[in-house]
Student: 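My structure is below; once you've seen it, I'll send some questions.
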Amino acid sequence: MTLREVKPGETVVVKKISGEGAIKRRIMDMGITKGVEIYVRKVAPLGDPVEITVRNYELSVRKADAELIEIEK
């Protein structure tokens, strides 16, 4: 299951980050690493972007990037 499939109001834990190179590095630089909790605040009407809370700050993630973040509930 990926972050893109999570409904607003749910809290999940990052299991793995797919992707390679600069994309993976950018996601990790935003504070999204294995084992961190993510709270999904809102999803835009067309699904892009996804607004999340991670490490006590708010962040908007593109749909394509959210698909690279594997999670567990």
Student: Nearest 0.5 Å, please: how far is OG1 in Thr2 from CD1 in Ile71?
Tutor: 7.0 Å

Student: Strictly distance-based, threshold 3.5 Å: is any side-chain N or O of Arg41 a donor or acceptor partner for the main-chain N or O of Glu51?
Tutor: no

Student: Which donor-acceptor pairs under 3.5 Å do the side chains of residues 11-19 make with protein atoms, sequence neighbours left out?
Tutor:
residue : atom : partner : partner atom : Å
Ser18   : OG   : Glu70   : OE2          : 3.1

Student: Identify, with sequence neighbours excluded, every residue that meets side chain to side chain contact (heavy atoms under 4.5 Å, CB included) alongside Val43.
Tutor: Pro8, Val40, Val50

Student: Listed by chain and number, what are the salt bridge (Lys or Arg N to Asp or Glu O under 4.0 Å) partners of Glu37, not counting sequence neighbours?
Tutor: none

Student: Going by the rule side chain to side chain contact (heavy atoms under 4.5 Å, CB included), which residues pair with Arg26 if we only count those two or more places apart in sequence or in a different chain?
Tutor: Ile23, Arg62, Asp65

Student: Decide yes or no for Val36 and Val54: does some side-chain heavy atom of the first lie under 4.5 Å from some side-chain heavy atom of the second?
Tutor: yes

Student: Counting only heavy atoms from other residues, nucleotides and ligands, does the tally under 6.0 Å from CD of Glu72 exceed 12?
Tutor: yes

Student: With clusters defined by side-chain heavy atoms of hydrophobic residues (ILVMFWY) lying less than 4.5 Å apart, directly or transitively, does Leu59 cluster with Ile69?
Tutor: yes

Student: Mind checking the CG-CG spacing from Leu68 to Leu3? Nearest 0.5 Å is all I need.
Tutor: 10.5 Å

Student: Of all residues at least two apart in sequence or in a different chain, which pass the side chain to side chain contact (heavy atoms under 4.5 Å, CB included) check with Lys7?
Tutor: Glu10

Student: Lys63: which residues meet the side chain to side chain contact (heavy atoms under 4.5 Å, CB included) condition with it, sequence neighbours left out?
Tutor: Arg4, Asp48, Glu67

Student: How long is the gap from CD1 on Ile32 to CD1 on Ile27, to the nearest 0.5 Å?
Tutor: 6.5 Å

